[in-house]
Amino acid sequence: MKSISILGATGSIGTQTLEVMRSNSEKYTLIGASANSNYNKMIDIINEFKPKFVALMDDLAYHKVKTYCKDNNLNTEVIHGLEGLNTIASCDEADIVVTSVVGMIGLIPTLMAINSGKDIALANKETLVAAGDIVMDAARKNKVRILPVDSEHGAIFQCIQGNDKNNIEKILLTASGGPFRGKKRNELVNIMPHDALKHPKWNMGKKISIDSSTLMNKGLEVIEAHWLFEVSYDKIEVVIHPQSIIHSMVEYNDGSVIAQLANPDMKLPIQYALNYPERFNAVIPRLDFYKLNLLTFEKPDTETFRCLKLAYEAGKTGGNMPTIMNSANEIAVNLFLENRIKYLEIEKIIEECMNKFEYIRTPTIDDIIYTDKNVKKYVKNKYCK
Ligand code: NDP
Ligand code: MG
């Protein structure tokens, strides 16, 4: 029996993690679960999985869930705010913490989980982008495993099993290309949130859907791969593969390329991360090679989708530059979703912040939090009139 805590249990990854647990319920128990404001979904989770702790960030949601548990004599302890997230992340009973909150809010709870000796099933890529050095260092010191949930990194993780890291020639990170693949800049000028939220292959939360459309998601994943697999940026290549059947590949020094293939469904990488090194029976439809028509590959168009270029630049510069880039992206995506800025202003704001903010070569955790706050405050003040 594995005891699991989920940070962000009501979101896309959180919900699919619960589906994986439901499919093999004698193998897993839910210890803790957190949400921001979705109290209805949290009440359903409490009724079905009976976790020991739940955390709600939002005031109203916290009071609703707290009252519900009291009125129904439930044993689940309901905790409020960041304190709640941190409790879910570090409680004694959890073996593994699934980090599926969205954005920088995941950083401190992830570090708390690592410092409490929990293995991490990592979906929250922003944490590694903003503070990869600090997070990986803490994981090494505490001897915990960071098990990737992101489908590409889950694939790479499978492709490196049993191989010597020193023999990796390159990582081939696949990308669907998003909803605007093939478009040019003039066609992106008037993109609205509902256009960008329509992903051709994956059904995901809003922030990652916008990131996928700008290719910033792939940029974040390049940085995530750099930290997870200790591979330099010149050895990480993005390949557009619109069918999303190959989830990524690793090329070795002898010319062999090892790939991981499956139907696109996040339940597979989630299940692999929860049970590594064991493999459990399929929770998703199997591939039928007689029905697969064509697998195609293209170079990414970084002149049109400049966020990918900016991410490579930020990653190679290092220090707090990926933090600056990530924070600018988080706030710009929010403003775009609120119809306050235009689509192409997302990349403009990121570039502006990368040029403007003070560069710190070896940032501490406080520097990272300070950078995040300042970047977001600056963008809000300037663009949120
Ligand atoms: P969602 O937006 O669907 O879910 C986010 C979760 O975090 C929800 O439970 C939400 O609660 C909670 N949350 C949001 N804001 C806060 C906050 N301020 N404080 C506390 N909790 C908060 O996101 P996804 O599941 O799509 O993505 C989660 C992470 O996983 C992201 O980092 C993403 O990049 C990564 N990822 C996602 C994939 C996918 O297929 N979805 C694939 C690979 C990686 P509430 O429901 O109450 O709002
Ligand atoms: Mg991915």
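Atoms within a ligand are numbered from 1 in the order they appear, just like the ligands themselves. All figures in this text were calculated on a predicted structure; none of them were measured in a lab.
Between Thr29 and Ile4 the shortest side-chain heavy-atom distance does not fall below 4.5 Å. At least one side-chain heavy atom of Phe49 sits under 4.5 Å from a side-chain heavy atom of Met21. Proximity of Val78 to Phe53: side-chain heavy atoms (C-beta onward) are nowhere separated by under 4.5 Å.
A salt bridge does not link Lys235 with Glu169: none of the charged nitrogens is closer than 4.0 Å to a carboxylate oxygen.
Within 6.0 Å of CG in Asn40 there are more than 12 heavy atoms belonging to other residues, nucleotides or ligands. Other residues, nucleotides and ligands place more than 12 heavy atoms under 6.0 Å from the CD atom of Glu338.
Using a 4.0 Å cut-off to heavy atoms of Ala35, the atoms of ligand 1 that qualify are 11 (O), 47 (O). Interface of Asn38 with ligand 1, defined as ligand atoms under 4.0 Å from a residue heavy atom, comprises 46 (O), 47 (O). The contact set between ligand 1 and Ser37, taken as ligand atoms under 4.0 Å from a residue heavy atom, comprises 45 (P), 47 (O).
Not less than 6.0 angstrom separates the ring centroid of Tyr39 from the ring centroid of Tyr68.
Just one of Leu215, Val129, Leu128 meets the side-chain contact (heavy atoms from CB on, under 4.5 Å) condition when paired with Leu220; it is Val129. For the pairing with Asp301, the salt bridge (charged side-chain N to carboxylate O under 4.0 Å, His left out) check across Lys309, Arg185, Arg181, Lys184 returns one residue only, Lys184.
Closest heavy-atom approach to atom 23 (O) of ligand 1 within the set Ala61, Gly205, Ser34: this belongs to Gly205. Taking all heavy atoms of Ala123, Ala55, Gly11 into account, the minimum distance to atom 30 (O) of ligand 1 is reached by Ala123. If you check each of Leu85, Ile13, Ile208, Val101 against atom 31 (C) of ligand 1, the one with the closest non-hydrogen atom is Val101. Residue nearest to atom 3 (O) of ligand 1, selected from Gly8, Ser212, Ser12: Ser12 (by heavy-atom distance).
Closest protein heavy atom to atom 22 (C) of ligand 1: Asn36 CB, 3.5 Å. The single protein non-hydrogen atom nearest to atom 34 (O) of ligand 1 is Lys125 CE, 3.2 Å, given as residue, atom name and distance. At the shortest separation from atom 46 (O) of ligand 1 among protein heavy atoms lies Thr10 OG1, 2.7 Å. The nearest heavy-atom contact from the protein to atom 32 (O) of ligand 1 is Glu126 OE1, 2.7 Å. Ranking the protein heavy atoms by distance from atom 43 (C) of ligand 1 puts Asp150 OD1, 3.0 Å first. Here the heavy atom of the protein found nearest to atom 19 (N) of ligand 1 is Met57 CG, 3.4 Å. In this structure, the protein non-hydrogen atom closest to atom 14 (C) of ligand 1 is Val102 CG1, 3.8 Å.
When heavy-atom distances to ligand 1 are checked against a 4.0 Å cut-off, Asn124 comes that close through both its backbone and its side chain. Of the heavy atoms in Met204, both backbone and side-chain atoms come closer than 4.0 Å to ligand 1. Under 4.0 Å from ligand 1, not a single heavy atom of Met42 appears.
In this structure, Lys342 fails the cation-pi test against Phe336, since its NZ or CZ atom is not both closer than 6.0 Å to the six-membered ring centre and inside 45 degrees of the ring normal.
The closest side-chain donor-acceptor pair between His226 and Glu224, if any, does not fall under 3.5 angstrom. Glu347 and Thr214 are not linked by any side-chain donor-acceptor pair at a separation below 3.5 angstrom, with hydrogens and angles left out of the test.
At least one heavy atom of Ser100 sits under 4.0 Å from some atom of ligand 1.
Geometry note: the Mg ion (ligand 2) is the vertex, Glu221 OE2 and Asp150 OD1 are the arms, and the angle is 90° (rounded to 10 degrees).
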